[in-house]
S.K.: 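Please see the structure below; I have some questions.
Note that the coordinates shown come from a computational prediction; the quantities given were computed from them, not determined experimentally.
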Amino acid sequence: MASWTSGVRAVLLDVSGVLYDSGGPTGGTAIPGSIEAISRIRQVGLKLRFCTNESQATRAQFVRKLQKFGFNISEDEVTAPGPAARRLMLEQGLRPHLLVHDDLLPEFDSIDKSDPNCVVIGDAAENFSYQNVNRAFQVLLGLEKPVLISLGKGRYYKETDGLMLDVGAYMKALEYACDITAEVVGKPAKNFFLSALAELGVQPHEAVMVGDDVVNDIGGAQSCGIRGVLVRTGKYRPSDESHPEVKADGYVDNLAQAVDILLASRTTDQ
Ligand SMILES: *[C@@H]1O[C@H](CO)[C@@H](O)[C@H](O)[C@H]1NC(C)=O
Ligand SMILES: *[C@@H]1O[C@H](CO)[C@@H](O)[C@H](O)[C@H]1NC(C)=O
Ligand SMILES: *[C@@H]1O[C@H](CO)[C@@H](O)[C@H](O)[C@H]1NC(C)=O
């Protein structure tokens with residue numbers, strides 16, 4: 001039987017909603033079984049990459065937070081939109097005006113920001129003031145050819161105290177006001193998933209993506225030939241299983257169950 005487990009050599013993991021739920025005074029809590037699930041993936045020698053849309057903090061801060069929750073994870077195992085955007089700036093000679101969270105600013109320390117020729121928007125959270133969003137709008141309209149680069153395009157995400165507007169909602173506001181289309185760096189952009197695979201040295205058909213976002217994680221992965229498994233944690237809602245456009249290759253209660261199924265299939269395959 002062809003299943004989502006056959007021939008898997010690498011596991012790509014979404015972080016928020018799969019490893020932990022964010023929010024609250026400690027910044028979040030680990031989802032039960034997920035810390036052990038990571039160790040088990042490592043023990044059997046599967047390749048592992050964390051693919052996050054997190055753009056509220058630098059990769060280093062993000063990894064430190066996860067380590068504090070008990071996860072065995074290092075910075076060079078994380079694919080995040082901030083570093084991807086920084087690479088793009090360098091490759092294309094772009095000088096950004098940044099509409100991002102204060103904590104993400106250090107990611108762009110080494111980039112020339114004088115006389116901006118593009119705007120970079122991330123999940124700025126409380127830094128999405130009218131003043132800051134309007135300033136980004138003014139910079140865009142002042143450019144001969146406005147370039148807007150968005151660190152992901154999520155609509156909303158879940159924190160312990162409720163659903164929160166994500167960067168996609170603000171990206172759309174700027175697209176509408178300036179009559180432009182943003183370039184998305186991060187999920188669900190194909191390049192984002194493909195660069196994670198390149199770092200692991202595996203082909204799309206050898207990888208599986210586990211996420212809680214049916215469109216951005218599952219649909220995004222599937223669009224480049226990676227299988228997608230939806231977890232029923234994080235922002236998952238039962239209606240995601242009858243999504244009109246995206247059908248996951250598998251559905252599991254949580255990451256621990258995904259790893260149970262994956263490891264069981266390896267024993268029977270061999
Ligand atoms: C953490 O992961 C690394 C890399 O796979 C491994 O070498 C190390 O033994 C792990 N540490 C723990 C405490 O499991
Ligand atoms: C971003 O938000 C923090 C916390 O509310 C605030 O202290 C800081 O001044 C803001 N920065 C900008 C550039 O708006
Ligand atoms: C990122 O996307 C995941 C789904 O992939 C979602 O659960 C999570 O809350 C999002 N986090 C942020 C900070 O946007």
S.K.: Would you say the side-chain atoms of Arg227 pair up with the backbone N or O of Asp249, donor to acceptor, closer than 3.5 Å?
M.R.: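 Checked: no pair found.
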S.K.: Does Asp217 use its side chain to pair, donor to acceptor, with the backbone of Asp213 at less than 3.5 Å?
M.R.: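 Yes.
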S.K.: Would Leu262 and Ile41 count as a side chain to side chain contact (heavy atoms under 4.5 Å, CB included) here? Give the steps.
M.R.: CA-CA 9 Å; Leu262 189 55; Ile41 293 172; 5.6 Å; no
S.K.: More than 12 non-hydrogen atoms from neighbouring residues, nucleotides or ligands closer than 6.0 Å to CG on Asp179, yes or no?
M.R.: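 No, not enclosed.
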S.K.: May I ask whether Phe50 and Met209 are part of the same hydrophobic cluster, defined by side-chain heavy atoms of I, L, V, M, F, W, Y residues being less than 4.5 angstrom apart, directly or through others?
M.R.: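 Cluster IDs for Phe50 and Met209 differ.
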S.K.: Can you check side chain to side chain contact (heavy atoms under 4.5 Å, CB included) on Arg95 and Met89, steps first, answer last?
M.R.: CA-CA 7 Å; Arg95 298 179 305 276; Met89 303 289 112; over 6 Å; no
S.K.: Using distance alone, with no hydrogens and no angle criterion, decide if Arg64 and Gln61 have a side-chain donor and acceptor under 3.5 Å apart.
M.R.: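 No, no side-chain donor-acceptor contact under 3.5 Å.
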S.K.: Heavy-atom distance under 4.5 Å between the side chains of Leu105 and Val100, does that happen here?
M.R.: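 They are in contact (side-chain heavy atoms under 4.5 Å apart), so the answer is yes.
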S.K.: Any Lys/Arg nitrogen of Glu107 or Arg59 sitting under 4.0 Å from an Asp/Glu carboxylate oxygen of the other?
M.R.: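 Between Arg59 and Glu107 there is no salt bridge, as every charged N stays at least 4.0 Å from the carboxylate O atoms.
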S.K.: Do side-chain atoms of Asn127 reach the backbone of Asp102 as a donor and acceptor pair under 3.5 angstrom?
M.R.: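 Checked: pair present.
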S.K.: Does the Gln222 side chain pair with the main chain of Lys247, one donor and one acceptor, at a distance under 3.5 Å?
M.R.: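 Yes, because the side chain of Gln222 sits within donor-acceptor range (under 3.5 Å) of the backbone of Lys247.
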S.K.: Are any of the side-chain heavy atoms of Thr181 and Glu175 separated by less than 4.5 Å?
M.R.: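 Yes, their side chains come closer than 4.5 Å.
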S.K.: Would you say the side chain of Pro204 lies within less than 4.5 Å of the side chain of Leu197, judging by non-hydrogen atoms?
M.R.: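 When only atoms from C-beta onward are counted, Pro204 and Leu197 do touch, with a gap below 4.5 Å.
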S.K.: Looking at side-chain heavy atoms only, is the closest gap between Val210 and Asp14 below 4.5 Å?
M.R.: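 Sidechains of Asp14 and Val210: no contact.
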S.K.: So, does Lys47 use its side chain to make a donor-acceptor pair with the main chain of Leu200 at under 3.5 Å?
M.R.: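 Here the side-chain-to-backbone pair exists.
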S.K.: Could you walk me through whether Val120 and His97 pass side chain to side chain contact (heavy atoms under 4.5 Å, CB included), step by step?
M.R.: CA-CA 6 Å; Val120 171; His97 170 86; over 6 Å; no
S.K.: Among the clusters formed by ILVMFWY side chains lying less than 4.5 Å apart, do Leu99 and Phe108 turn up in the same one?
M.R.: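 No, Leu99 does not connect to Phe108 through the hydrophobic network.
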S.K.: Is Lys65 atom NZ crowded by more than 12 heavy atoms from other residues, nucleotides or ligands, each under 6.0 Å away?
M.R.: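 Check passes, neighbour count above 12.
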S.K.: Counting only heavy atoms from other residues, nucleotides and ligands, does the tally under 6.0 Å from CZ of Arg232 exceed 12?
M.R.: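 Enclosed: over 12 neighbouring heavy atoms sit under 6.0 Å from CZ of Arg232.
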S.K.: Taking CD in Gln131 as the centre, count heavy atoms belonging to other residues, nucleotides or ligands within less than 6.0 Å. Is the count above 12?
M.R.: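 12 or below, so no.
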S.K.: List the steps and the verdict of side chain to side chain donor-acceptor pair (under 3.5 Å) for Gln138 and Arg135.
M.R.: CA-CA 5 Å; Gln138 291 172 340; Arg135 181 73 198 126; 3.3 Å; yes
S.K.: Step by step, work out the side chain to side chain donor-acceptor pair (under 3.5 Å) result for Thr79 and Glu199.
M.R.: CA-CA 9 Å; Thr79 303; Glu199 278 147 0; 3.2 Å; yes
S.K.: Checking Gln67 side chain against Ile73 main chain: does a donor-acceptor pair fall under 3.5 Å?
M.R.: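 Here the side-chain-to-backbone pair exists.
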S.K.: Enter the distance from Met171:CE to Ile180:CD1 here, rounded to the nearest 0.5 Å.
M.R.: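 If we round to the nearest 0.5 Å, Met171:CE and Ile180:CD1 are 9.5 Å apart.
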S.K.: Tell me whether the rings of Phe128 and Tyr170 are parallel (<30°), tilted (30 to 60°) or perpendicular (>60°).
M.R.: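 Geometry flag for Tyr170 against Phe128: parallel rings.
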S.K.: Under the criterion salt bridge (charged side-chain N to carboxylate O under 4.0 Å, His left out), I'd like the reasoning laid out for Arg42 against Glu77: C-alpha separation, chi angles, the key distance, then a yes or no.
M.R.: CA-CA 12 Å; Arg42 291 190 190 286; Glu77 296 176 305; 2.8 Å; yes
S.K.: Using a cut-off of 6.0 Å, state whether more than 12 heavy atoms not belonging to Lys113 lie near its atom NZ.
M.R.: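 Yes, because the 6.0 Å sphere around NZ of Lys113 holds more than 12 heavy atoms from other groups.
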S.K.: Is it the case that Ser150 and Glu183 place a side-chain donor and acceptor less than 3.5 Å from each other?
M.R.: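 No, no side-chain donor-acceptor contact under 3.5 Å.
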S.K.: Can you name the one residue among Leu151, Ile121, Val185, Asp103 that meets side chain to side chain contact (heavy atoms under 4.5 Å, CB included) with Ser55?
M.R.: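 So the option named by the test is Leu151.
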S.K.: Taking it one step at a time, do Asn53 and Tyr157 satisfy side chain to side chain donor-acceptor pair (under 3.5 Å)?
M.R.: CA-CA 11 Å; Asn53 50 0; Tyr157 52 90; over 6 Å; no
S.K.: Shared ILVMFWY cluster between Val11 and Val18, side chains joined below 4.5 angstrom?
M.R.: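 Yes, Val11 and Val18 fall within the same hydrophobic cluster.
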S.K.: In this structure, would Leu165 and Val133 fall into the same cluster of hydrophobic residues linked by side-chain contacts under 4.5 Å?
M.R.: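 Leu165 clusters together with Val133.
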S.K.: For Leu13 and Leu19, what are the C-alpha separation, side-chain angles and deciding distance, and is it a side chain to side chain contact (heavy atoms under 4.5 Å, CB included)?
M.R.: CA-CA 8 Å; Leu13 294 180; Leu19 301 192; 4.2 Å; yes
S.K.: Examine distances only and state if a side-chain atom of Thr233 and a backbone atom of Gly17 form a donor-acceptor pair shorter than 3.5 Å.
M.R.: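 Side chain of Thr233 to backbone of Gly17: a pair is present.
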